[in-house]
Amino acid sequence: MSAPVDVTLPVHAGRPVDVTLPGHAGRRVDVIPPVPAGRRVDVILPVHGGEAWLEEAIASVVAQTFDGWQLTVVDDASPDASADIVRRAAEAHPGRIELLQNTSPRRAAGARMQAIERTSAELIAFLDQDDIWRPEKLALQVARFDEDAELDALHTDAVHIDAEGRPIPGAADRENALRARFGWGTGPELAARLFDKNAIRLGSAMLRRSAFAAAGGFDATLFGGEDWEFWVRFAARFRIGHLGEPLLLRRVHGSNVSRVHAAERAEGKLRALEQMLEAQPQLGPRAARRRREIRAAAGLPDPPLELAGELFRRLAEASVRYCHWKSNEHVEAALAGRTDFDLLVDPGDRDAFEAVLAELDFKEILAPSEKRFPGMRDRLGFDPTSGGLLHLHVHEQLVLGTPGVKNHRVPIEALLLDGGREIHGVRAPAPELELLLLALRAPLKVSTIRIARRWRKNGTKTLQSAIVREMGFLLPDVDEDRFAAALRKSGLALEPDDVLGFVRAARDRVLTTPQIHAFRRKVLHALRPHRRDPAWRAARRALRARLREPRRRTLPRGRLFALVGADGSGKSTLAGELRQWLGWKLDVEGAYFGLPKSAFAYRTVRRLRRSLGWRWLDAERWLLAARHRAAQHARARGVAARGGVVIADRWPLPELWEPPQPMDGPRLAGHPLAARERALYARIGPPDRAFVLKTPLEVLRRREPDPDPALHARKAELVNRVSSSDVYAVVDGDRPYESVLLDLKRRIWAAL
């Protein structure tokens, strides 16, 4: 038993026991081991291969100042002496500790459910085999349950300890701070917050058995995410409290199940996520981010887009000569649509290449003028299965240089296209040529000003960290003789030893900033015959690029889309996610055609109306709303005119203007200012496409119960009466969020 946690077994009735826990040295705890008449808490402890710390975990239960507990340990087919440790403890404490043994593993959730079915106390607490409780944990939690009859679950803060039981200072501070501001209670909002971040450590929790059973318990089919899925489900219906004391000592070590089985548990979490979405569709807007977080935490690559696989398959069938000429370390990320492809294409195969892109519905997109270079164009593709985007930088010439300038063409395209290798089905140049290009690009990406500022500092840190990582990725595959031969074929006046010496020094972090400056001068000298413009003209172009307001890429023809629906249809959330989706690569802006409640003038008039009771201010308020909508329309049309995309939340559609309260339309019928209001609305034409989210009223009321029922019903009736036309596209809103989102992505892509 490790020194920081020392509990002597057996415990003799009525005698105090010395308990040394992290932060509790020298405390004496009275333990009353005989089985009490009124057992209140069943403690559940599943074990699989836990002999290293199991005795300490059991001892921390025995040391509780509250005596109304029974411990049930499930030995889940342990391959070690865990069962013997439990038997010895049970013999020392007759009637207090029960051992259940499985001949084949049921995993943690199954083992916990097995123990719960064998027990009956009104409260349940959970402990993991490698964790420890503070002696007062059960007493403090039971007292809270006694004080609050409506409390269904109560969890606490935690302290992290290492394998030897030593506290890890500050390790749990962030998660404890998160719990303090979480806003505990019950309902969909709490469930959504727990979906975003499971802030409950199961080993700190105590629950009422009745609530646990009514919630359905743990899903024993899950290995990974089982407690996360349970808490999200539980929080939607039952009240959860938080006790801001670190009563759980969570052991962090290399043998944690979450680490040893990281990939398998990540798959379990992904299955748990899908189950949560099926049960609680309102969590849909959060799902994509959580999937990415789960995969990234486990080191799992994102699945490739079907579009990417089809693209490279068809290019091979068409015998198009191409290669992905840089950053092949990130080919997997590019296949998943998380970063760009830089494809060098033989100019002789341009027509065949463009034919493949046309078949796959890639769109032409235009870079800002300061980012347009000779022999380069941009294409954007859409994967209809996942909704992901694939961005291609298509090069027919290799143009290098400082950002925004790119003043040197390196005429080695034929060398890169000949031979090479395949990486995940994508053609790439020989590693020697890719490293040569990387070595040329690296010093050019460092400005003279940065070199001067960092003259006496580490040179490796002067370079971009991504470039240094890429050098480390390429070097093991580079043959020095082949590198020297490739450099000779390039015709560049550089010595192989200079180039490889620069790269190795950067990789080994012994590079100095003066060495970067010296190598940069050699590179510029070697590229001098291949300059696009004289130095003065390149400098002018660089200055113009710095001063000009940067913009994202645009379309040859901008588009204006609007989402329309009653309260609860999800239009605002969908509009935000669609803007984020397309805004990854395009100039995308939003527009809001609801009431301008945050605008100063509108807010002031509304406050005056409420405080002074002047009814004539109502007309001014509606006139301000009309001006806001007309101004939003003018701005949106301006964005579309320059090739951008606008995705509007709501739109003043005449079909929704029926009295007595038109949706986003004129409200001053019969008033002296009605003509002026109508004139403002007359300026607002239809969008290029309005997506009308039709959703049954009962679904809308379930999602948004707050709006006035009669008004809510009227809005739903107006929306659900709209028919499809050249402008209006009817969308079924009574589906899971992700299905509606993917449907909208497909329709928007088809309309671009």
Side-chain angles (χ1 to χ4, degrees), residues 557-567 569 571-572 575 588-693 708 711 714-729 751:
R557 182 188 62 162
R559 303 293 281 166
L560 207 167
F561 303 110
L563 270 65
V564 177
D567 297 326
S569 61
K571 57 186 180 300
S572 299
V588 177
E589 294 195 20
Y592 180 67
F593 286 90
L595 294 175
K597 295 177 181 178
S598 60
F600 176 76
Y602 183 89
R603 206 167 59 240
T604 302
V605 168
R606 190 171 61 170
R607 285 175 180 171
L608 288 172
R609 170 68 175 89
R610 287 177 176 175
S611 60
L612 300 177
W614 295 341
R615 298 182 62 183
W616 60 270
L617 286 174
D618 286 337
E620 292 296 330
R621 185 160 64 99
W622 296 122
L623 205 58
L624 284 170
R627 289 196 186 104
H628 162 78
R629 288 164 176 156
Q632 286 284 79
H633 175 262
R635 184 183 65 83
R637 282 295 173 199
V639 172
R642 69 172 187 248
V645 177
V646 176
I647 298 179
D649 178 0
R650 309 167 70 147
W651 194 273
L653 300 178
E655 288 79 359
L656 307 179
W657 289 356
E658 290 189 13
Q661 294 190 20
M663 283 181 63
D664 303 326
R667 303 287 289 268
L668 298 178
H671 192 277
L673 295 176
R676 192 183 304 178
E677 183 190 42
R678 282 278 181 181
L680 288 168
Y681 280 103
R683 299 180 192 174
I684 304 174
D688 294 314
R689 205 82 170 123
F691 299 102
V692 182
L693 297 162
D708 174 79
L711 183 58
R714 179 60 176 158
K715 288 182 178 181
E717 180 188 0
L718 290 173
V719 170
N720 293 339
R721 232 165 48 188
V722 175
S723 301
S724 295
S725 67
D726 292 340
V727 174
Y728 303 141

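- Closest approach of Gly590 and Val646 over heavy atoms only: C-CG1, 4.4 Å.
- Atom NZ of Lys597 and atom OH of Tyr592 lie 6.0 Å apart (nearest 0.5 Å).
- Remark: side-chain polar atoms of Asp688 are not paired, donor with acceptor, to backbone N or O of Phe561 under 3.5 angstrom.
- Side-chain contact between Pro686 and Tyr728: absent, with no pair of heavy atoms (C-beta onward) separated by less than 4.5 Å.
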TODO: Tell me, with the steps shown, if Leu718 and Arg721 meet side chain to side chain contact (heavy atoms under 4.5 Å, CB included).
DONE: CA-CA 5 Å; Leu718 290 173; Arg721 232 165 48 188; 3.7 Å; yes
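- For the atom pair CD1 of Ile684 and CG of Leu653, the computed distance is 10.0 Å after rounding to the nearest 0.5 Å.
- Counting heavy-atom neighbours within 6.0 Å of Arg635 CZ, excluding the residue itself, gives a total above 12.
- In this structure, Leu560 and Ala636 approach most closely via the heavy-atom pair CD1-CB, 3.8 Å.
- Rounding to the nearest 0.5 angstrom, the gap separating the CZ atom in Arg603 from the CZ atom in Arg621 is 14.0 Å.
- Not one N or O on the side chain of Lys571 forms a donor-acceptor pair closer than 3.5 Å with the backbone of Leu563.
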Residues 660-673 side chain polar contacts: donor-acceptor under 3.5 Å, at least two apart:
| unit_1 | atom_1 | unit_2 | atom_2 | d |
| --- | --- | --- | --- | --- |
| Asp664 | OD1 | Arg629 | NH2 | 3.2 |
| Asp664 | OD1 | Arg650 | NE | 3.2 |
| Asp664 | OD1 | Arg650 | NH2 | 2.7 |
| Asp664 | OD2 | Arg650 | NE | 3.1 |
| His671 | ND1 | Leu673 | N | 3.0 |

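- When side chains are defined from C-beta on, Val719 does not count as touching Leu693, because their heavy atoms never get closer than 4.5 Å.
- Screening residues 619-649 for ring-ring contact (aromatic ring centres under 6.0 Å, His included), with sequence neighbours left out, gives His633-Trp651.
- Listed by chain and number, the residues in a side chain to side chain contact (heavy atoms under 4.5 Å, CB included) with Ala729 are Arg689, Phe691, Arg747 (sequence neighbours excluded).
- Of all non-hydrogen atoms in Ala648 and Phe593, the two that sit nearest each other are CB-CE1, 3.9 Å.
- When all heavy atoms of Asp649 and Ala575 are compared, the pair lying nearest together is CB-CB, 4.4 Å.
- Leu617 and Val605 make their closest contact through O-CG1, 3.6 Å (heavy atoms, listed as atom of the first residue, atom of the second, distance).
- The closest side-chain heavy-atom distance from Asp567 to Leu711 is not below 4.5 Å.
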